[in-house]
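Take a look at the structure set out below.
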Protein chains: 2
Amino acid sequence: MADILHRIGIKTTSIEAVYEALTTQAGLAGWWTSNTSGSGDQVGNIIKFRFGAGGFDMKVAALNPAHLVVWELADGPEEWLGTRISFELKQEDDYVIVLFKHLNWKEPVEFMHHCSTKWAIFLMSLKSLIETGKGAPDPVDLKIDNWN
Amino acid sequence: MADILHRIGIKTTSIEAVYEALTTQAGLAGWWTSNTSGSGDQVGNIIKFRFGAGGFDMKVAALNPAHLVVWELADGPEEWLGTRISFELKQEDDYVIVLFKHLNWKEPVEFMHHCSTKWAIFLMSLKSLIETGKGAPDPVDLKIDNWN
């Protein structure tokens, strides 16, 4: 098993604003992909994220308002099957810290390397959305390699 | 054991230019930290990287010119002890692909989450250095959280 881990700090005292960006259609469309449908504010909900090259359906597996969001992959690329994504939030000084985990990859394949870098870029997009009001979701996301 | 993995693609047909950015003082100072001393073009060399908050001494453990650079931590923060860093390069279409690994973390501590995101940012700085002539090394690096 292999895991992707990240940490960002968002300069805000509103941990609720960060939680909203992870649980509402408008929030998620503001930093991950513009083509997001569904809402992530209830356990069991399915959120559909679509990108140029395909997409992911995420099932909301756990929520602890303003502190934790957990998704399980419901449908998506073969390499993502069985994986789980979590966002843990906490306030530290004037930052909301996001600890991100994309857990349980079967193999550390080259696509996992790509997704790890890409998650960092999207988390920086989340940071920007909250700090400036403007994120960079797909299709205006920062491209990192020949795969996207 | 836990590993950080990343993948970037640099739009260039000069794999040698990317290798130089990973093995010369000027190259490394152009994307990771301006305060770099030593050269990484011989196995056994020590390169000293210094940042505001401390630094790392890396021993060049293996080289395969234009294809592979491997470092072992010689000195640095406790969490990095025993870790190993590698950059694998290959040409794909009009991109040089860099597969990056920072291997053998004893524990997936919060600092590892931070370093994972920060490595993505520095690899994007390497991409920028080669594509535009200008990277964003410390201290002008993009800040990601309250630790840096």
Side-chain angles (χ1 to χ4, degrees), chain A residues 1-13 18 79 85-105 107-128 130-132 136 141-148, chain B residues 1-13 18 79 85-105 107-128 130-132 136 141-148:
Chain A
M1 289 289 184
D3 303 326
I4 294 169
L5 307 175
H6 286 297
R7 182 186 196 270
I8 58 163
I10 302 174
K11 206 159 192 177
T12 176
T13 52
V18 181
E79 298 92 335
I85 287 168
S86 71
F87 303 85
E88 294 169 57
L89 312 182
K90 58 180 175 180
Q91 188 78 45
E92 268 185 24
D93 310 321
D94 48 352
Y95 286 86
V96 171
I97 303 301
V98 181
L99 290 182
F100 170 89
K101 302 180 209 291
H102 187 172
L103 302 171
N104 303 334
W105 288 70
E107 299 290 337
V109 290
E110 192 166 339
F111 184 50
M112 181 183 163
H113 294 63
H114 167 88
C115 293
S116 174
T117 312
K118 201 76 205 188
W119 272 125
I121 298 302
F122 281 121
L123 290 165
M124 293 300 283
S125 164
L126 169 63
K127 176 175 163 70
S128 173
I130 303 291
E131 293 181 352
T132 72
D141 55 317
L142 187 60
K143 307 305 180 191
I144 63 165
D145 61 20
N146 57 337
W147 291 347
N148 185 21
Chain B
M1 290 291 187
D3 303 325
I4 294 169
L5 307 175
H6 287 298
R7 181 185 198 271
I8 59 163
I10 303 173
K11 206 157 191 179
T12 176
T13 52
V18 181
E79 297 92 335
I85 288 167
S86 70
F87 304 84
E88 294 169 57
L89 313 182
K90 59 180 173 179
Q91 188 79 47
E92 270 186 23
D93 310 320
D94 48 353
Y95 287 86
V96 172
I97 303 300
V98 180
L99 290 182
F100 171 88
K101 302 178 208 291
H102 186 172
L103 302 170
N104 302 335
W105 289 70
E107 299 289 339
V109 291
E110 192 166 337
F111 184 51
M112 181 182 162
H113 294 62
H114 166 88
C115 292
S116 174
T117 313
K118 200 76 205 188
W119 272 125
I121 299 299
F122 281 122
L123 290 165
M124 292 300 283
S125 164
L126 168 63
K127 175 175 165 70
S128 174
I130 302 291
E131 292 180 355
T132 72
D141 54 320
L142 188 58
K143 308 304 180 190
I144 63 165
D145 61 20
N146 58 335
W147 291 348
N148 185 18

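Every chain is numbered from 1 and lettered A, B, ... according to where its sequence line falls, protein lines coming before strand lines.
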Provide the closest heavy-atom pair for A/Ala120 versus B/Thr117 in the form atom of the first, atom of the second, distance.
-> CB-CG2, 4.1 Å

Taken to the nearest 0.5 Å, the spacing of B/Ile4 CD1 from A/His113 NE2 works out to 11.5 Å

Check: B/Lys127 and A/Ile144 side chains under 4.5 Å, non-hydrogen atoms | no

Which pair of heavy atoms, one from B/Asn146 and one from A/Asp93, lies closest together, and at what distance?
-> ND2-OD2, 4.3 Å

To the nearest 0.5 Å, how far apart are NE2 in A/His6 and CH2 in B/Trp119?
-> 14.0 Å

Report yes if the side chains of A/Met124 and B/Ile121 come closer than 4.5 Å at any heavy-atom pair, otherwise no.
-> yes

A/Ser116 and B/Leu5 have their tightest heavy-atom pair at OG-O, 2.7 Å

At a heavy-atom separation under 4.5 Å, does A/Ile10 approach chain B through its side chain, its backbone, both, or neither?
-> neither

Heavy atoms of other groups near A/Lys143 NZ, more than 12 under 6.0 Å = yes

Residues that B/Glu110 engages under side-chain hydrogen bond (donor to acceptor under 3.5 Å, both in side chains), provided they are two or more places apart = A/Arg7, A/Lys90

Determine which residues belonging to residues 94-102 of chain A lie within contact range of chain B, meaning some heavy atom pair is under 4.5 Å apart, and list them by number or answer 'none'.
-> A/Tyr95, A/Ile97, A/Leu99, A/Phe100, A/Lys101

